[in-house]
Amino acid sequence: MNIFIGYGYNEKDKWIEELIYPLVRSFEATIISGKDLHGQSISKAVVERIKSSDGMLAFMTCREQFGQHGYYTTHVWVRDELITAINHDIPCVEIKEKMVDPQLGITGDRERIEFDESNKAQLLVDLSKVLCEWRRKLKPRRLFLLPKDIAIDARPCLKKGTL
């Protein structure tokens, strides 16, 4: 199982690598991210990595405070990564920090996990349930050797059973 993890690569979100990475690995999953794309076109490489994933976890954490209600912006890249996963029928979960702006946009009708920075233990339990379900749904697959670009293009059709 390959899981793409989208989050802000900053000090405040370092806990994701420290807590979430080990949790995901405990489900025998391989972690994929947008890091370490040395010399590549970042947006193209990230899209390819998302398309090759079995699932995505999108961490919408607080970035900059704005407005009179005290809400925060979140990472535009993570939002775009989530939309990419949705558009390619990759199972994905938005994990939204409570004070992130509640405007939902195109991803608004999806179930999400909301968490509080002070209670990461509950978040780990909630994510364990998601990962357990994803792992259970994985079915044995036949392996077909195809050129990578054809395999990536065919993936959504395979998932829908239309190919």
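Basis for what follows: all heavy atoms, side chains included, without hydrogens, waters or symmetry-related copies.
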Distance in Å, K51 NZ paired with T84 OG1, rounded so as to fall on 0.5 Å steps: 9.5 Å

Only one of V93, V24, D126 passes side-chain contact (heavy atoms from CB on, under 4.5 Å) with L131, and that residue is V24

For M99 and H69 the tightest heavy-atom approach is CE-O, 4.1 Å

So, the side chain of N10 versus the backbone of D13: is there a donor-acceptor pair under 3.5 Å, distance only? yes

Does a side-chain heavy-atom distance below 4.5 Å link Y7 with L57? no

Basic-acidic side-chain contact under 4.0 Å: E133, R136: yes

Examine K35 relative to Y9 and say whether NZ or CZ is less than 6.0 Å from the centre of the six-membered ring and inside a 45° cone about the ring axis. yes

pair F115-K98: side-chain heavy atoms closer than 4.5 Å: no

Output the distance between atom CE (M60) and atom NE2 (H75), rounded to the nearest 0.5 Å. 9.5 Å

What is the distance from atom CD of E114 to atom CG of L123, rounded to the nearest 0.5 Å? 11.0 Å

Which heavy atom of I86 sits nearest a heavy atom of C92, and at what distance? CG1-SG, 3.6 Å

Between E28 and R135, is the closest basic N to carboxylate O distance under 4.0 Å? yes

Hey, quick one: are Y21 and L124 part of the same hydrophobic cluster, counting side-chain heavy atoms closer than 4.5 Å, chains of contacts allowed? yes

Applying side chain to side chain donor-acceptor pair (under 3.5 Å), run through E97 and Y72 and close with a yes or a no. CA-CA 9 Å; E97 194 169 355; Y72 287 79; over 6 Å; no

Determine whether I113 and V130 make a side-chain contact, defined as any pair of heavy atoms from C-beta on separated by less than 4.5 Å. yes

Test side-chain contact (heavy atoms from CB on, under 4.5 Å) on K120 and L19 and set out the steps. CA-CA 9 Å; K120 292 183 184 133; L19 295 176; 3.9 Å; yes

Say whether, by atom type as modelled, one donor and one acceptor occur between the side chain of K44 and the main chain of E48 under 3.5 angstrom. no

F59/W77 aromatic ring centres below 6.0 Å: no

Verify same cluster id: I42, M56 (apolar side-chain graph, 4.5 Å): yes

Taking it one step at a time, do F4 and E81 satisfy side-chain contact (heavy atoms from CB on, under 4.5 Å)? CA-CA 9 Å; F4 187 95; E81 291 166 350; 3.6 Å; yes

If we ignore hydrogens and angles and just use 3.5 Å, is the side chain of T73 paired with the main-chain N or O of E64 as donor and acceptor? yes

Any side-chain heavy atom of I95 sitting closer than 4.5 Å to one from R112? no

Mind checking whether V100 and R63 have side chains closer than 4.5 Å, heavy atoms only? no

Can you tell me how far CD1 of I16 sits from OG of S33, rounded to the nearest 0.5 angstrom? 11.0 Å

Check step by step if side-chain contact (heavy atoms from CB on, under 4.5 Å) holds for K12 and E117. CA-CA 10 Å; K12 185 184 176 301; E117 175 78 20; 3.8 Å; yes

Walk me through it: do M1 and W134 pass the test side-chain contact (heavy atoms from CB on, under 4.5 Å)? CA-CA 9 Å; M1 179 166 72; W134 283 356; 4.0 Å; yes

Determine whether a donor-acceptor pair (N or O, by modelled atom type, separation under 3.5 Å) exists between the side chain of R49 and the backbone of I32. no

Closest non-hydrogen atom pair between V78 and G8, with its separation: CG2-N, 4.1 Å

For a 4.5 angstrom cut-off between non-hydrogen side-chain atoms, does I3 reach I31? no

For the pair T74 (side chain) and T61 (backbone), establish whether a donor and an acceptor sit closer than 3.5 Å, ignoring hydrogens and angles. yes

Backbone of N2 reached by a side-chain donor or acceptor of D54 within 3.5 Å: yes

